[in-house]
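All of these numbers come straight from a predicted model, not from anything done at the bench. Position 1 is the first residue of the sequence; numbering continues from there.
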Amino acid sequence: MQDAWLSSDAAVVGSYAGIDSTLGSLYHVVDVNEVWMGRAARGQLLFKAPRGLEVKPGNEVLLMLWDRLHSVTDSFLENSQRLYGQNVWERIGPDSLASYLLPFAKYAFPFDRGKMKLRGTDVYGDEYSRKELHGALL
């Protein structure tokens, strides 16, 4: 999670609304309740998730989003080129509809009743409230 935080341009907490039915499977919507980092605003946020999400609509989620690609690694770009071919920039690049990108499905961290369970050195993991998690990331 720390790596996702450090590489992201925006971190938001909100209710995942699912795939945008008018734009297709590449575009997703979250109703943002809190902005932990970056310039995102509260309210409905449209973003691209070319690799999908492992979160169900209605779940509260922490999203680590990118709004530009200038600092991505060569391996991310090479892997994206292999996955999407000639359509790579349409798939991963910001556009006039969605200025944010969820680069990896794992950058969507679901909460369970306001808490998140993270695995560390302990096999049982550690549980954090939103406030505790936000403080730890800051």
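Close placement of the W66 and F76 rings is indicated, their centers lying within 6.0 Å of each other.
One finds no salt bridge joining K117 and D112 here, because no Lys/Arg side-chain nitrogen approaches an Asp/Glu carboxylate oxygen to under 4.0 Å. Note on K115 versus E132: no salt bridge recorded, every NZ/NE/NH1/NH2 to OD/OE distance being 4.0 Å or above.
Listed by first and then second residue, the salt bridge (charged side-chain N to carboxylate O under 4.0 Å, His left out) pairs that reach into residues 22-31 come to none, sequence neighbours excluded. Counting only residues at least two apart or in different chains, salt bridge (charged side-chain N to carboxylate O under 4.0 Å, His left out) contacts with residues 80-89 are absent.
By the neighbour-count criterion of 12 heavy atoms within 6.0 Å, atom CD of Q2 is densely surrounded, having more than that number from other residues, nucleotides or ligands.
Summarising the geometry of R51 relative to P103, their closest heavy-atom pair is CD-O, 3.5 Å, with the distance given to 0.1 Å. Of all heavy-atom pairs between Y84 and I92, the closest is CE1-CG2, 3.9 Å. Shortest non-hydrogen contact noted between S8 and A4 is OG-O, 2.5 Å. Between G18 and P57, the closest heavy-atom pair is CA-CG, 4.0 Å.
Rounding to the nearest 0.5 Å gives a distance of 10.0 Å between CZ of R91 and OG of S80. Distance check, rounded to the nearest 0.5 Å: CE of M64 to CG of L101 gives 14.5 Å. The CH2 atom of W36 sits 5.0 Å away from atom CG of L62, with the distance rounded to the nearest 0.5 Å. Within the model, atoms CG of L83 and CD of E78 stand 12.0 Å from one another, a figure rounded to the nearest 0.5 Å. A distance of 10.0 Å separates OH of Y16 from CG of N59, quoted to the nearest 0.5 Å.
V29 and V13 sit in two unconnected hydrophobic clusters of ILVMFWY residues. Membership requires side-chain heavy atoms under 4.5 Å apart, directly or through other members. When the side chains of ILVMFWY residues are joined at heavy-atom separations under 4.5 Å, either directly or via intervening members, L26 and L102 end up in two distinct hydrophobic clusters. Placement of W89 and L97 in two distinct hydrophobic clusters is found when ILVMFWY residues are connected by side-chain heavy-atom separations under 4.5 Å, directly or transitively. Taken together through direct or relayed side-chain contacts under 4.5 Å among Ile, Leu, Val, Met, Phe, Trp and Tyr, L53 and F111 form part of one hydrophobic cluster. Using a 4.5 Å cut-off between side-chain heavy atoms of Ile, Leu, Val, Met, Phe, Trp and Tyr, with links allowed through other members, L63 and L23 fall into different hydrophobic clusters.
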### Task
Kindly determine whether L137 and Y128 satisfy side chain to side chain contact (heavy atoms under 4.5 Å, CB included), including the steps that lead there.
CA-CA 11 Å; L137 289 169; Y128 294 89; over 6 Å; no

#### Entry: side chain to side chain contact (heavy atoms under 4.5 Å, CB included) assessment of R39 paired with D67
CA-CA 9 Å; R39 297 178 291 124; D67 70 356; 2.7 Å; yes

### Query
Can you check side chain to side chain contact (heavy atoms under 4.5 Å, CB included) on R130 and M116, steps first, answer last?
CA-CA 7 Å; R130 283 198 330 236; M116 188 177 296; over 6 Å; no

What side-chain donor-acceptor pairs closer than 3.5 Å can you find for residues 40-48, not counting sequence neighbours?
unit_1, atom_1, unit_2, atom_2, d
R42, NE, N33, O, 3.4
R42, NH1, N33, O, 2.7
R42, NH2, N33, O, 3.4
K48, NZ, E90, O, 2.6
K48, NZ, G93, O, 2.6
K48, NZ, D95, OD2, 3.1

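No side-chain heavy atom of D20 sits under 4.5 Å from any side-chain heavy atom of H28. Between S15 and E60 the shortest side-chain heavy-atom distance does not fall below 4.5 Å. No side-chain heavy atom of E34 sits under 4.5 Å from any side-chain heavy atom of V12.
Under the 30°/60° scheme for interplanar angles, the aromatic rings of F104 and Y107 are found to stand perpendicular.
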